[in-house]
Participant: 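Take a look at this one; I'll ask things after.
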Protein chains: 2
Amino acid sequence: MWTMEEAVSALKRQGAKITSQRLAILRLLQGRRDHPSAECVYQELKGEFPTISFATIYSTTQLLAQAELIQILTVDNKRVHFDPNPEPHAHYHCIHCGRIYDIPLNERTVGEILQHTDFQVDQIQIYLYGACPECLKGLTQ
Amino acid sequence: MWTMEEAVSALKRQGAKITSQRLAILRLLQGRRDHPSAECVYQELKGEFPTISFATIYSTTQLLAQAELIQILTVDNKRVHFDPNPEPHAHYHCIHCGRIYDIPLNERTVGEILQHTDFQVDQIQIYLYGACPECLKGLTQ
DNA sequence: GTACCTGCAAACAATTTGCACTAAG
DNA sequence: CTTAGTGCAAATTGTTTGCAGGTAC
């Protein structure tokens, strides 16, 4: 996982200005494993920045994705989720509660997938869908 | 690939009624390899059904997905695409032109991914992103 | 000082919903 | 005959855009 310093220099390398809102979003996402949505980021930052807007959240997260500091997940059809975890891993989306779980992945598996194409691949996402144990427990009670 | 007869009995098994609109959507999707969007289905059916609505297209495709006759792809952040191809394969989404390409996949690769979780998995999607050869050609000219 | 960034509000666009009418079984 | 499906229009909702003022550098 990147440090704040690494993230800031990655942004500077892109010619981006370091604003307090961008620092706050970086700090909020750093090390998170719960894949917050834009709404979630908005709610959590409203305390510190009562005037923060979705325009800023979306533009900043797109910038962070370009700098490869986060991935923007579209595992959930309804809204995007942000993931700062750089390690290759799959995502499991529970179709009942909407939770997103990380699933570990072999480097080798990614290599195997890439073997089947010679297209230029910038990004790879592996999404699994089903009912999570938590929800199955509730459903069978 | 399923035949129309198989598709119809799969729908009946679900207790669904066989309407002319549903047959038309099935016929349109059957064997398609170009991942049409809802808009695309709408445009293509307007000739035969001048009054067909998006409500029908969305509800029917959801029904077909439940019957496992098609998959609803969310590889494109903007809109869903329908895929009647039941064989395990990945999807490549060109970030320039938006085209979606099929990428073959080993059964074994899917097995490897599933090994890392004991969650119930109904569906697995593998999405690759990048600039396709067609677009790269244009970009470097 | 000047480009870029922010926040607001409005625009956008894909999908969903409510409801009266119609058609399948 | 009864239940489910269709089509329409309106609602919904996540995301994007235009622009005026503000801020990093």
Side-chain angles (χ1 to χ4, degrees), chain A residues 4 7-26 28 35-67 70 72-82 93 95 98 100, chain B residues 7-26 28 35-43 45-67 70 72-82 93 95 98 100:
Chain A
M4 285 299 291
V8 166
S9 45
L11 289 186
K12 284 186 176 165
R13 216 175 302 134
Q14 305 233 323
K17 292 186 177 168
I18 309 304
T19 65
S20 53
Q21 291 89 337
R22 287 179 177 177
L23 286 172
I25 293 173
L26 275 173
L28 183 147
H35 321 94
S37 64
E39 175 70 30
C40 174
V41 171
Y42 176 74
Q43 293 301 336
E44 291 192 32
L45 287 182
K46 258 207 322 208
E48 190 181 352
F49 292 89
T51 62
I52 200 160
S53 69
F54 280 99
T56 300
I57 292 168
Y58 282 111
S59 83
T60 297
T61 48
Q62 280 165 16
L63 182 71
L64 300 185
Q66 274 169 43
I70 66 168
I72 298 180
L73 308 180
T74 57
V75 63
D76 176 353
N77 201 357
K78 295 289 169 204
R79 70 200 96 250
V80 298
H81 293 262
F82 308 117
H93 185 230
I95 52 183
I100 298 171
Chain B
V8 166
S9 44
L11 289 186
K12 284 186 177 164
R13 216 174 302 135
Q14 305 234 322
K17 291 183 178 172
I18 309 303
T19 65
S20 53
Q21 291 89 337
R22 287 180 177 176
L23 286 172
I25 293 174
L26 275 172
L28 183 147
H35 320 94
S37 63
E39 175 69 31
C40 174
V41 171
Y42 177 75
Q43 293 301 336
L45 287 181
K46 259 207 321 207
E48 188 181 352
F49 293 89
T51 62
I52 199 160
S53 69
F54 280 98
T56 300
I57 293 169
Y58 282 112
S59 85
T60 298
T61 49
Q62 279 164 18
L63 182 71
L64 301 185
Q66 275 169 43
I70 65 168
I72 298 180
L73 308 181
T74 58
V75 63
D76 177 352
N77 201 356
K78 296 288 171 208
R79 72 201 95 246
V80 298
H81 294 262
F82 308 117
H93 184 232
I95 51 182
I100 297 171

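Every chain is numbered from 1, with letters handed out A, B, ... down the list of sequences. Note that the structure is predicted; figures quoted are calculated from it, not measured.
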Participant: Report the residues that fulfil salt bridge (charged side-chain N to carboxylate O under 4.0 Å, His left out) with B:Glu39, sequence neighbours left out, ordered by chain and then residue number.
Facilitator: none

Participant: Take the protein atom CZ of B:Arg79 and the nucleotide atom C1' of C:dC12, then report the distance between them rounded to whole Å.
Facilitator: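 Atom-to-atom, B:Arg79 to C:dC12, this comes out as 12 Å.
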
Participant: Could you note down all residue pairs passing salt bridge (Lys or Arg N to Asp or Glu O under 4.0 Å) where residues 45-59 of chain B supplies at least one of them, sequence neighbours left out?
Facilitator: B:Arg27-B:Glu48

Participant: Does anything in residues 46-54 of chain A come within less than 4.0 Å of DNA chain D? Heavy atoms only, and list the residues if so.
Facilitator: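 Listed by number, there are none.
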
Participant: I need the OH-C1' distance between A:Tyr58 and C:dA9, as an integer number of Å.
Facilitator: 16 Å

Participant: What is the separation between atom CG on A:Asn77 and atom C1' on C:dA14, rounded to the nearest whole Å?
Facilitator: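 A:Asn77 atom CG is separated from C:dA14 atom C1' by 10 Å.
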
Participant: Would you kindly give the CG-to-P distance between B:Asp76 and C:dA13, to the nearest whole Å?
Facilitator: 14 Å

Participant: Can you tell me how far apart CD (A:Gln43) and SG (A:Cys40) are? Round to the nearest 0.5 Å.
Facilitator: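 Reported to 0.5 Å precision, the distance equals 8.5 Å.
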
Participant: Looking at CG of B:Asp76 and CD1 of B:Ile100, how far apart are the two atoms once the value is rounded to the nearest 0.5 Å?
Facilitator: 6.0 Å

Participant: Give the minimum heavy-atom separation between A:Ile57 and A:Ala38, together with the two atoms involved.
Facilitator: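 Smallest interatomic distance, heavy atoms only, reads CD1-O, 4.0 Å.
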
Participant: Grab the two heavy atoms, one from A:His35 and one from A:His81, that are nearest each other, plus how far apart they are.
Facilitator: O-ND1, 2.8 Å

Participant: What is the first contacted nucleotide of DNA chain D and what is the last, in 5' to 3' order, if contact means an atom lying under 4.0 angstrom from a heavy atom of chain A?
Facilitator: D:dG14 to D:dC25

Participant: Looking at B:Lys78, does any N or O in its side chain come under 4.0 Å of the phosphate oxygens OP1/OP2 on C:dC12?
Facilitator: no

Participant: Test of understanding: with side-chain hydrogen bond (donor to acceptor under 3.5 Å, both in side chains), list the residues that count as partners of B:Thr74, not counting sequence neighbours.
Facilitator: none

Participant: Would you give me the side-chain donor-acceptor pairs under 3.5 Å for residues 13-26 of chain B, sequence neighbours excluded?
Facilitator:
| unit_1 | atom_1 | unit_2 | atom_2 | d |
| --- | --- | --- | --- | --- |
| B:Thr19 | OG1 | B:Arg22 | N | 3.1 |
| B:Arg22 | NH1 | B:Lys17 | O | 2.9 |

Participant: Could you tell me which residues satisfy ring-ring contact (aromatic ring centres under 6.0 Å, His included) with B:Phe54, sequence neighbours excluded, listed by chain and number?
Facilitator: B:Tyr42

Participant: Rounding to 10 degrees, work out the angle separating the end axes of the helix from C:dG1-D:dC25 to C:dG25-D:dC1 (five pairs an end).
Facilitator: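 End axes: 40° apart.
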
Participant: Round to a whole Å and report the spacing from CD of B:Glu39 to C1' of C:dA13.
Facilitator: 10 Å

Participant: To the nearest Å, give me how far apart CD1 (A:Ile57) and P (C:dC8) are.
Facilitator: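 Result: 11 Å.
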
Participant: To the nearest 0.5 Å, what is the distance between CZ (A:Arg79) and CG (B:Asn77)?
Facilitator: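 That separation rounds to 13.0 Å.
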
Participant: How long is the line joining CG of A:Leu45 and P of C:dT6, in whole Å?
Facilitator: 12 Å

Participant: Name all residues meeting the side-chain hydrogen bond (donor to acceptor under 3.5 Å, both in side chains) criterion together with B:Ser53; count only those two or more places apart in sequence or in a different chain, and write none if there are none.
Facilitator: B:Thr56

Participant: Quick one: pull up OG1 in B:Thr60 and CG in B:Leu28 and give me the separation to the nearest 0.5 Å.
Facilitator: 12.0 Å

Participant: Pull out every residue in residues 14-22 of chain A that has a heavy atom closer than 4.0 Å to any atom of DNA chain D, ordered by number, or say none.
Facilitator: A:Lys17, A:Ile18

Participant: Looking at every non-hydrogen atom in both residues, tell me the closest pair between A:Ser37 and A:Phe82 and how far apart they are.
Facilitator: C-CE1, 3.9 Å

Participant: On DNA chain D, compare the nucleotides closest to A:Gln62 and B:Thr56; which residue's is nearer the 5' end?
Facilitator: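 That would be B:Thr56.
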
